[in-house]
Amino acid sequence: MPKGGSLLGGNAGSALSGNQHCFSPDWLRDTRVWGIAVQMYELRSERDWGIGDFEDLAAVCSIAAGEGADFVGISPLHALFTADPDRCSPYSPSSRTFLNPIYIAVDRAPGYSSILQDSEAKLNVRLSENVDYDAVQRLKIETLRDAWSNWRRDLSRDDEFSRRSFNAFVSDEGAALRRHALFEALSHEMVAKGRGAGWRSWPEPFQRPGSVVVTVFAANHKSEIEFHQWMQWIAHLQLKDVAAQAVASGLRLGLYLDFAVGLSPDGSATWSKPDAYLQGFSIGAPPDPFSVHGQNWGLAVPSPAPHQQESDAVADIRRVMQYAGLVRFDHVMGLWRLFAVPEGRPTSTGTYLHYPFAEALNAIAIESQRSQTVVVGEDLGNVPDGFREVLSHVGMHSYRVMYFEPEISTERADPMHPQSLFCLSTHDLVPLGGWWKHDDIALRHSLGLLDESGIAIESSNREGLRSALWLHLFGEKMESTNVAKAEALQQAIHSYAAGLDSKLFAVRLADLLGDERPTNVPGTDTSYPNWRLKALCPIEHWRTLPTFISIVESVSQKRPRSDRAGSVAEHS
């Protein structure tokens, strides 16, 4: 931790000097574990509805546990816009408080009957090359509406129990759930009238949740509002069940969930509490080697005033942790500062806003202990001096990516800090196969994201790291004729990475399946199918793939699970 309060300033240093510390199970002190990281939407199965769902996730957890893993990581599950399915980035949510109902396993919902489903539509979305969000959302929402109607009419004793459960959920979630459901109902109404799903495109009176017209709308659409509350209840129950199944199957850390850094500026959260956000600004990042012009993420900028954000943020963190044994905070530097870019202006005109850092860390530590959840902070990009030391001080794991750690292939001592989660790549980077072939460099050039000089610089850097890795792994100079060794490359790199000192190691599903396509290409919108690529094969076939078998075997040998004792307690 830096001395003199150079990073934290003021009384923050004394606030961190207390006993608040993120949870870590005793058994993790003397062992290293691994898990599989997947994108929820990419999951395919013999029963899917065109997109991965919670039932598919349970199957993944069972497979991972059987292979000796201790967690399954997934993309954020935050609520998006059901009225505009093509707004599909999990990192630009409408609300971090609630869940995305598109991941509901419809055929496991109360009131569901196979008679209700459109079999042809289901087959079409299952066979589509990429996720067809519009068709999937339409099919699942329509089927869920029918199931909800059935559920409301069912007067059996079992259903009476579920009705009490639903009523308790609505009561516990209170005004936050009602306002989110009201937003969703309004959003569908506005889209039907030719407007956008986000509130900024609505007529001015509807942009304020407490206005007379919104109050009248709510009174006239009680059933529709209840339907959206019902979907949140179903999503909650199914995710809660998966979390319990994950631990029961042998995953000692269970689910590894992602907490996005920000929110869409026109979604449920900013509509519900507009005073908690600054108007006219969006979150971004200043220029760096990865993005020479800087980045504008188009996310709402929270107010730096502590009273505007603290209680809501803590509540959102608590909701995510109730399902997870491991949580990653996306762009964790945002707890201390965020780069605010004026809307409509170049990124270079942005500036940093500072937030009550120590208070945020203490709140996270308290919730981590309460839920017994291990915490990872994604500390990539512009990391202030001393920042990682502060995270380590409160027991938060760092997040390290092989592509950004060229020194790991040198002969010097292992530089990987034990208190970290290590992976080869992330959702914003190309999988290993494509990275090795420079496919991502060529793709970014074809999309206008890299000029000729950029290609030369990145290609040179890539060659240096490839050559160093090859020499380190195989003890010989890399030659273009070394084709035979290329077949063992995936296994060798994963085995080497699994042998590093990081407590946590995440293996990407794309690498396990031999997929070389990037999940998301930052800086693109419609020019690349971001967040839409399906896995190369269904879950039921994973264990038959030579790549899956070889990587899993090599990783589990380096990080063996001697027993299944000491699992994180089931979250309730």
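It should be emphasised that the depicted structure is a prediction, and the values quoted were computed from it without experimental measurement.
- Listed for the Ser554 side chain is a donor-acceptor partner under 3.5 Å among the backbone atoms of Ser550.
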* To do: Given salt bridge (charged side-chain N to carboxylate O under 4.0 Å, His left out), test Glu55 with Arg108 step by step and report yes or no.
  => CA-CA 8 Å; Glu55 188 74 9; Arg108 302 295 188 268; 3.4 Å; yes
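- Looking at His472, its side chain never comes within 3.5 Å of a backbone N or O of Ala468 through a donor-acceptor pair.
- Counting only heavy atoms from C-beta outward, the side chains of Leu299 and Ser282 never approach each other to under 4.5 Å.
- The heavy-atom pair separating Pro356 from Pro304 by the smallest distance is CD-O, 3.9 Å.
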* Stepwise side-chain hydrogen bond (donor to acceptor under 3.5 Å, both in side chains) test for Ser425 and Arg508 -> CA-CA 8 Å; Ser425 63; Arg508 189 172 175 179; 2.8 Å; yes
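- For the atom pair CD1 of Ile102 and CE of Met40, the computed distance is 10.0 Å after rounding to the nearest 0.5 Å.
- Looking only at distances, no side-chain donor or acceptor of Ser495 sits under 3.5 Å from a matching main-chain atom of Gln491.
- Across every non-hydrogen atom of Cys61 and Leu255, the tightest pair is SG-CD2, 3.7 Å.
- In this structure, the side-chain contact (heavy atoms from CB on, under 4.5 Å) partners of Ser95, at least two apart in sequence or on a different chain, are Ala79, Thr97, Phe98, His180, Ser268.
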* To do: For ring pair (Phe, Tyr, Trp, His ring centres under 6.0 Å), just list the numbers for Tyr355 and Trp336, CA-CA rounded to whole Å, side-chain angles, deciding distance to a tenth of an Å, and then say yes or no.
  => CA-CA 5 Å; Tyr355 295 83; Trp336 178 53; over 10 Å; no
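- Inter-residue side-chain proximity for Val327 and Val376 is flagged as unmet; no heavy-atom pair is nearer than 4.5 Å.
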* **Chi angles and distances behind the side-chain hydrogen bond (donor to acceptor under 3.5 Å, both in side chains) call for Ser398, Arg400** => CA-CA 6 Å; Ser398 182; Arg400 304 298 176 90; 2.8 Å; yes
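- A salt bridge links Arg47 with Asp107: the distance from a Lys NZ or Arg NE/NH1/NH2 to an Asp or Glu carboxylate oxygen falls below 4.0 Å.
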* Passes ring pair (Phe, Tyr, Trp, His ring centres under 6.0 Å), Tyr133 versus Trp531? Steps please. -> CA-CA 10 Å; Tyr133 281 99; Trp531 315 113; 9.8 Å; no
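- The side-chain tip of Arg328 points at the ring of Tyr399 from less than 6.0 angstrom away and within 45° of straight on.
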* To do: List the steps, then state whether side chain to side chain contact (heavy atoms under 4.5 Å, CB included) holds for Leu99 with Tyr323.
  => CA-CA 12 Å; Leu99 299 170; Tyr323 309 111; 3.9 Å; yes
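- No hydrogens or angles considered: a donor-acceptor pair under 3.5 Å links the side chains of Gln295 and Trp297.
- When all heavy atoms of His331 and Leu338 are compared, the pair lying nearest together is CD2-CD2, 4.2 Å.
- Looking at heavy atoms from C-beta onward, Ile104 lies out of side-chain contact with Asp53 at the 4.5 angstrom threshold.
- Atoms CG and CG, on Leu361 and Leu391 in that order, are 6.5 Å from each other to the nearest 0.5 Å.
- Under the side-chain hydrogen bond (donor to acceptor under 3.5 Å, both in side chains) test applied with Thr82, the options Lys140, Glu184, Arg87 reduce to a single match, Glu184.
- Ser45 contributes a side-chain N or O that, together with a main-chain N or O of Asp48, makes up a donor-acceptor pair within less than 3.5 Å.
- For the pair Tyr256 and Leu504, the minimum side-chain heavy-atom distance is 4.5 Å or more.
- For Phe339, the ring pair (Phe, Tyr, Trp, His ring centres under 6.0 Å) partners at least two apart in sequence or on another chain are Tyr352.
- Across Ala300 and Thr270, no two heavy atoms sit closer than the pair CB-CG2, 3.8 Å.
- Note that the CD1 atom of Ile539 and the CG atom of Leu43 stand 5.0 Å from one another [nearest 0.5 Å].
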* To do: Test Arg517 against Leu536 for side chain to side chain contact (heavy atoms under 4.5 Å, CB included), laying out the working first.
  => CA-CA 10 Å; Arg517 305 167 299 169; Leu536 292 181; 3.7 Å; yes
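- Side chain of Trp542 to main chain of Leu512: no donor-acceptor pair is present (N/O by atom type, distance under 3.5 Å, no hydrogens or angles).
- Ion pairing between Glu67 and Arg543 holds under the 4.0 Å rule for side-chain N and carboxylate O.
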* Asked: Is there a side chain to side chain contact (heavy atoms under 4.5 Å, CB included) between Arg32 and Phe505 once you walk through the steps?
  -> CA-CA 8 Å; Arg32 298 171 304 136; Phe505 177 55; over 6 Å; no
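- We find that Arg462 and Asp440 are joined by a salt bridge, their nearest charged nitrogen and carboxylate oxygen being less than 4.0 Å apart.
- Judged by distance alone, the side chains of Ser420 and Lys503 never bring a donor and an acceptor atom under 3.5 Å apart.
- For the side-chain contact (heavy atoms from CB on, under 4.5 Å) with Val33, the qualifying choice from Leu421, Leu28, Leu326, Leu251 is Leu28, the only one to do so.
- Taking the charged nitrogens against the carboxylate oxygens, Asp26 and Arg29 do have a contact shorter than 4.0 Å, which makes a salt bridge.
- A donor-acceptor pair under 3.5 Å links the side-chain atoms of Ser249 to the main chain of Ala246, judged by distance alone.
- You'll find the side chain of Val60 stays beyond 4.5 Å of the side chain of Ile63, heavy atoms only.
- Note that CD of Glu378 and NE2 of His397 are 16.0 Å apart. Values are rounded to the nearest 0.5 Å.
- Counting all heavy atoms, side chain and backbone alike, Tyr103 lies closest to Gly52 at CD2-O, 3.3 Å.
- Gln369 places no side-chain N or O within 3.5 Å of a backbone atom of Ile366 that could act as its donor or acceptor partner.
- Inter-residue side-chain proximity for Leu465 and Tyr403 is flagged as unmet; no heavy-atom pair is nearer than 4.5 Å.
- The CD1 atom of Ile493 sits 5.0 Å away from atom CE of Met402, with the distance rounded to the nearest 0.5 Å.
- Remark: side-chain polar atoms of Asn520 are not paired, donor with acceptor, to backbone N or O of His427 under 3.5 angstrom.
- Counting only N and O atoms by type, the side chains of Tyr91 and Asp258 include a donor and acceptor under 3.5 Å apart.
- Taking CD of Gln20 as the reference point, atom CD of Glu359 lies at 12.0 Å (rounded to 0.5 Å).
- Within the 4.5 Å cutoff, the side chain of Phe357 has no heavy atoms near those of the Arg337 side chain.
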* Asked: Do Phe23 and Val374 pass the side chain to side chain contact (heavy atoms under 4.5 Å, CB included) test, and can you show the C-alpha distance, the side-chain angles, and the key distance before you say yes or no?
  -> CA-CA 5 Å; Phe23 172 78; Val374 178; 4.3 Å; yes
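- Phe81 is not listed as a side-chain neighbour of Asn100, based on a closest heavy-atom distance of 4.5 Å or more.
- Between the side chain of Arg532 and the backbone N or O of Thr519, no donor-acceptor pair lies under 3.5 Å.
- Of the candidates His78, Glu367, His236, Glu173, Arg319 forms a side-chain hydrogen bond (donor to acceptor under 3.5 Å, both in side chains) with just one, namely Glu173.
- Side chain of Arg561 to main chain of Gly250: a donor-acceptor pair is present (N/O by atom type, distance under 3.5 Å, no hydrogens or angles).
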